[in-house]
Novice: 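Handing you this structure, nothing more for now.
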Amino acid sequence: MAAAAVPVPQGPLVVGVDSSTQSTKALVVDSATGAVVARGQAPHTVGGGSDGTGKESVPEQWWEALTEALRQCGTPAREAAAVSVGGQQHGLVTLDASGRSVRPALLWNDVRSALQRDRLIEELGGPKTWAERIGSVPPTSFTVTKWAWLMENEPEAARATAAVRLPHDYLIERLTGYGTTDRGDASGTGWWASGTESYDEEILDLVGLSPELLPRVLRHGEAAGTVRELPDLPLPTGALVATGTGDNMAAALGLGLRPGQPVLSLGTSGTVYAVSVHRPADPTGVVAGFADTRDAWLPLACTLNCTLAVDRIAALLGRDREAVEPGGSAVLLPFLDGERTPNLPHASGLLHGLRHDTTPGQVLQAAYDGAVFALLTALDQVLDEDASPDAPLLLIGGGAKGTAWRETVLRLSGRPVRVPRAEELVALGAAAQAAGLVLGEDPAAVARRWSTAEGPSYDPVPRDEAALERLSRVLADADGLLRHA
């Protein structure tokens with residue numbers, strides 16, 4: 001039987017890269033249609049540091065994984081007109097004068113800098129000052145806290161550092177030879193001021209970091225450079241390289257979001273965000289005031305406990321994750337790893353309201369309710385006052401495929417829900433950015449032309465106000481217990 005013919009591309013080919021915590025994916029995409037022509041993937045290793053704590057990766061592994069993922073794409077990668085990279089946010093990459101890593105990169109989920117984070121917030125004048133200047137009250141994930149940790153705990157490594165980069169910056173620099181970044185990823189460092197759209201020299205002085213060590217922040221539509229001639233790199237020399245960006249910004253771009261369109265991402269952690277024309281500045285720290293890849297903003301909130309926590313509850317009950325049952329009075333706050341939103345870092349999971357007739361399926365449904373309630377509460381703070389309450393929620397991430405997750409979001413949100421068919425949205429967003437550069441178009445418009453946000457739609461149902469009231473009441477009444485668990 002003859003192999004199916006590969007469609008002839010209708011436009012220039014572009015490469016979109018997703019360099020995440022665990023692996024690097026590469027997609028070769030037809031810039032005219034959004035059709036994926038080829039794909040590749042290679043893993044990374046995440047270590048725990050010399051003392052077994054923290055989360056670290058060797059940046060050179062990311063480059064090796066990128067090269068391997070491109071190699072798997074075959075001939076189409078070697079014909080690409082442009083490339084862009086979406087990378088895990090916040091990671092601290094320290095390079096010496098020759099461009100080699102001084103030490104493994106401190107990743108976004110390395111929380112060793114908690115003490116430095118608390119001190120920095122106080123030294124600059126408190127959460128309100130940070131929110132006004134940076135757009136965010138920095139959590140331990142932000143790069144500024146990691147540099148402060150390095151200065152205190154590994155001063156020799158800090159002194160040996162000639163350049164500080166984010167993960168996507170590192171890969172772009174390996175491609176072009178130039179140290180650049182974009183406003184989206186820079187907005188998650190803690191030293192880029194959203195009010196002035198420039199590096200904040202007072203904060204840099206506070207942590208002992210020279211601005212000379214930082215990359216140049218490119219504007220929307222600029223090129224980072226072109227692919228230089230490198231041995232064993234399966235990309236054409238001279239291909240355009242877009243600015244790249246952080247993974248959340250790339251995913252938003254991959255969906256072609258317009259302002260006010262809410263996104264709810266269900267993964268190991270949960271995320272809610274929307275593009276906004278208003279610069280965010282939330283002094284409570286719930287909303288991270290990120291910039292997007294273009295000229296707007298991407299307010300975002302994140303919960304730590306989502307699909308993995310609910311799966312753990314299902315395992316404890318001995319039930320399949322879809323084996324939920326309606327009814328009952330049980331409330332379950334699945335804060336198994338502490339929680340970021342609401343800010344309860346020392347919390348553990350809490351189950352309340354059991355009765356003789358409570359069933360295991362009702363307890364499992366209560367776990368779904370608790371996880372979704374936290375995300376929807378954060379979404380209320382992410383969305384602008386002028387955002388339409390009837391706009392459909394775009395449901396993405398691994399949990400979006402689950403019926404129980406979708407039905408819970410519908411029941412507790414009261415909104416219509418759409419589940420985009422497109423997957424690998426970070427890589428698609430990077431590809432849209434590369435296509436925009438080649439075609440001279442708005443990359444968000446490119447993604448919309450590719451119909452990346454299209455998928456099954458579900459009509460709204462009446463909100464379960466009784467469940468929301470139970471959850472709100474238990475969360476408030478248990479505040480002291482959750483803070484000191």
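Since the model is a prediction, treat every value here as computed from it, not as a measurement. Quick note: residue numbers are just sequence positions, from 1.
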Novice: Taking salt bridge (Lys or Arg N to Asp or Glu O under 4.0 Å) as the cut-off, I'd like each qualifying pair that reaches into residues 77-97, sequence neighbours left out, listed once.
Specialist: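 Output for this query is empty, none listed.
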
Novice: If you measure from the Lys or Arg side-chain nitrogens to the Asp or Glu carboxylate oxygens, is any gap between K401 and E423 under 4.0 Å?
Specialist: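 Looking at K401 and E423, the cut-off is met.
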
Novice: Any luck finding a side-chain donor-acceptor pair between T237 and E229 under 3.5 Å?
Specialist: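 Note: T237 and E229 side chains miss the donor-acceptor criterion.
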
Novice: Should the pair R112-E56 be classified as a salt bridge under the 4.0 Å nitrogen-to-oxygen rule?
Specialist: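 Between E56 and R112 there is a salt bridge, with a charged N closer than 4.0 Å to a carboxylate O.
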
Novice: Please determine whether a side-chain nitrogen of the Lys or Arg among R71 and E68 lies less than 4.0 Å from a carboxylate oxygen of the Asp or Glu.
Specialist: yes

Novice: Would you check if there is a donor-acceptor pair between the side chains of T245 and D182 at a distance under 3.5 Å?
Specialist: yes

Novice: Would you please say whether a donor-acceptor pair under 3.5 Å links the side chains of W192 and S198?
Specialist: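 No, because no side-chain N or O of W192 sits under 3.5 Å from a partner of the opposite role on S198.
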
Novice: Taking only residues at least two apart or on different chains, which pairs with a member in residues 290-312 satisfy salt bridge (Lys or Arg N to Asp or Glu O under 4.0 Å)?
Specialist: R183-D292, R294-D442, D311-R321

Novice: If we count only N and O atoms by modelled type, under 3.5 Å, do the side chains of S101 and E60 hold a donor and an acceptor together?
Specialist: yes

Novice: Under the side-chain contact (heavy atoms from CB on, under 4.5 Å) criterion, do R406 and Y458 qualify, and how do the steps go?
Specialist: CA-CA 9 Å; R406 185 183 70 243; Y458 302 88; 3.3 Å; yes

Novice: Report, one line per pair, each donor and acceptor closer than 3.5 Å where one atom sits in a side chain of residues 30-40; sequence neighbours left out.
Specialist:
unit_1: D30; atom_1: OD1; unit_2: G11; atom_2: N; d: 3.0
unit_1: D30; atom_1: OD1; unit_2: A32; atom_2: N; d: 3.0
unit_1: D30; atom_1: OD2; unit_2: Q10; atom_2: N; d: 2.8
unit_1: D30; atom_1: OD2; unit_2: T33; atom_2: OG1; d: 3.3
unit_1: S31; atom_1: OG; unit_2: P12; atom_2: O; d: 2.6
unit_1: T33; atom_1: OG1; unit_2: A35; atom_2: N; d: 3.2
unit_1: R39; atom_1: NH2; unit_2: E424; atom_2: OE1; d: 2.9

Novice: With a 4.0 Å cut-off on N to O distance, would you call R279 and E197 a salt bridge?
Specialist: no

Novice: Only counting residues at least two apart or in another chain, list the ones meeting side chain to side chain donor-acceptor pair (under 3.5 Å) with T243.
Specialist: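 Side chain to side chain donor-acceptor pair (under 3.5 Å) list for T243, sorted by chain: Q433.
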
Novice: Residues in side chain to side chain donor-acceptor pair (under 3.5 Å) with N343, at least two apart?
Specialist: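 Counting only residues at least two positions away or on another chain, N343 forms no side chain to side chain donor-acceptor pair (under 3.5 Å).
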
Novice: Classify the ring geometry of F142 against F290: parallel below 30°, tilted from 30° to 60°, perpendicular beyond 60°.
Specialist: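 If you compare the ring of F142 with that of F290, the planes turn out parallel.
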
Novice: Test: salt bridge (Lys or Arg N to Asp or Glu O under 4.0 Å). Region: residues 136-148. Which pairs qualify, not counting sequence neighbours?
Specialist: none

Novice: Any donor and acceptor pair, going by atom type alone, linking the side chain of T307 with main-chain N or O of G267 inside 3.5 Å?
Specialist: yes

Novice: Just checking, is any N or O donor in the side chain of S113 or T145 under 3.5 Å from an acceptor N or O on the other one?
Specialist: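 The criterion, which ignores hydrogens and geometry beyond distance, is satisfied for T145 and S113.
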
